[in-house]
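Report on the structure given below.
A quick note: this is a predicted structure, and the numbers were derived from the prediction, not measured.
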Amino acid sequence: MKIATWNVNSVRTRLEQVLAWLQQERPDVLCLQETKVTDELFPREAFEALGYAVAISGQKAYNGVAILSLLPLEDVQIGFEALLPAEQEAAGLSEQKRVISALIDGIRVLNLYVPNGSSLKSEKYAYKLEWLACLRRYLEEQERQGDPLCMVGDFNIGPEARDIHDPERLSGGIMASAAERSALQQLLGERLTDVFRVFEPEAGHWSWWDYRTGAWDRDRGWRIDHIYLCEQLLASATGCVIHKATRGNEQPSDHAPVVVNLVWPPETDDWN
């Protein structure tokens, strides 16, 4: 089973690129972020023509998340309030379309677009920390439901120095502040593991290159697009890669897809 995540930075602008990548790679599941389109204008038919079922939560011009799956999408849940219905803060934080999940072949696939935060002195930074705190409570509730969890998305956080092209200069700033990194680690707890780092411990692997400052040409990137697996799924993982080449497309997204391969469902010994 192949599960992918990709911040496409406008699904309509990048539609032909996404369709071409899907035809080439044929992931079972592709989670999109920054779709930047309302639900009624999402190009659903183009993906359905390739055999993908579609679940979407979008808004005009900003944010937006979607799940595309060759397997049936069950129990689609949108926003924090899906699991935290009594929490007023969760409802408010769900106004921006950043959270969607579905049960796919027994796996709860959770697709997130974490706020960027803008700058450490911005109100958006405080919002980001509130959002991450709410995600922690959301995950605690999800764990009680018991489904194996694969959490993917654009996290807008470089967890460690090795995830940033210039850690000496950038550590402590936005996307690399102590508060953001701590919030991420707290919500992961002992339950969820960054699967890319299981297979690739070295620095120098990026998933995002800023459009500005010639970042792509100089390979000055960040690894902010992540896939986190619970212990059961981690035991089934056979590899995780960043499809860097897509960033070299004409008019590309500033992010590249990240893909994990799982042997799922796990083999059993019932026949013995």
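Here the side chains of Trp21 and Asn249 are not in contact, with every heavy-atom distance at 4.5 Å or above. The closest side-chain heavy-atom distance from Pro27 to Leu22 is below 4.5 Å.
Not a single donor-acceptor pair under 3.5 Å links the side chain of Ser69 to the backbone N or O of Ala53. Between the Arg181 side chain and the Pro159 main chain, a donor and an acceptor come within less than 3.5 Å of each other. Remark: the backbone N or O of Gly58 is paired with a side-chain donor or acceptor of Asp39 at under 3.5 angstrom. Using a distance-only test at 3.5 Å, with no hydrogens or angles considered, a donor-acceptor pair links the side chain of Trp264 to the main chain of Asp105.
The two residues Trp131 and Pro115 come nearest to each other via the heavy atoms CD2-CD, 3.5 Å. Among all heavy-atom pairs drawn from Gln33 and Thr5, the shortest one is NE2-OG1, 2.9 Å. Lys128 and Asn116 get closest at one heavy-atom pair: NZ-O, 3.0 Å. Taking each heavy atom of Phe80 and Leu135 in turn, the nearest pair found is CE2-CA, 3.7 Å. Residues Tyr138 and Gly79 approach most closely at CE1-O, 3.8 Å, considering heavy atoms. Counting all heavy atoms, side chain and backbone alike, Arg108 lies closest to Ser101 at NH1-OG, 3.0 Å.
For Arg218, the CZ atom counts as densely surrounded, since its 6.0 Å shell holds more than 12 non-hydrogen atoms of other residues, nucleotides or ligands. Counting non-hydrogen atoms of other residues, nucleotides and ligands closer than 6.0 Å to CD of Glu40 gives a total above 12.
Residues Phe155 and Ile242 do not share a hydrophobic cluster, defined by chaining ILVMFWY side chains whose heavy atoms lie under 4.5 Å apart. Linking Ile, Leu, Val, Met, Phe, Trp and Tyr whenever their side-chain heavy atoms come within less than 4.5 Å leaves Val263 and Val260 in two separate clusters. Linking ILVMFWY residues whenever their side-chain heavy atoms come closer than 4.5 Å, directly or via other members, places Val114 and Leu84 in the same cluster. A continuous path of Ile, Leu, Val, Met, Phe, Trp and Tyr side chains, each step under 4.5 Å between heavy atoms, connects Val258 with Ile67, placing both in one hydrophobic cluster. Cluster annotation: Leu229 is connected to Val152 through the hydrophobic network of ILVMFWY side chains, with a link wherever side-chain heavy atoms come within less than 4.5 Å.
Exactly one residue among Leu112, Val76, Leu110 makes a side chain to side chain contact (heavy atoms under 4.5 Å, CB included) with Ile100. That residue is Val76. For the side-chain hydrogen bond (donor to acceptor under 3.5 Å, both in side chains) criterion with Asn7, the lone passing option out of Asp154, Asp254, Asn156, Asp225 is Asp154.
A side-chain donor from one of Gln186 and Ser182 sits under 3.5 Å from a side-chain acceptor of the other.
At a threshold of 4.0 Å, the pair Asp219-Arg247 does not count as salt-bridged, since none of the basic side-chain nitrogens sits closer than that to a carboxylate oxygen. Salt bridge present: Glu141 and Arg144 bring a charged side-chain N and a carboxylate O closer than 4.0 Å. Taking the charged nitrogens against the carboxylate oxygens, Asp194 and Arg223 do have a contact shorter than 4.0 Å, which makes a salt bridge.
Using a 30° and 60° split on the angle between ring planes, Trp208 and His255 fall in the tilted class, from 30° to 60°.
For Asp166, the side chain to side chain donor-acceptor pair (under 3.5 Å) partners two or more places apart in sequence, or in a different chain, are Arg169.
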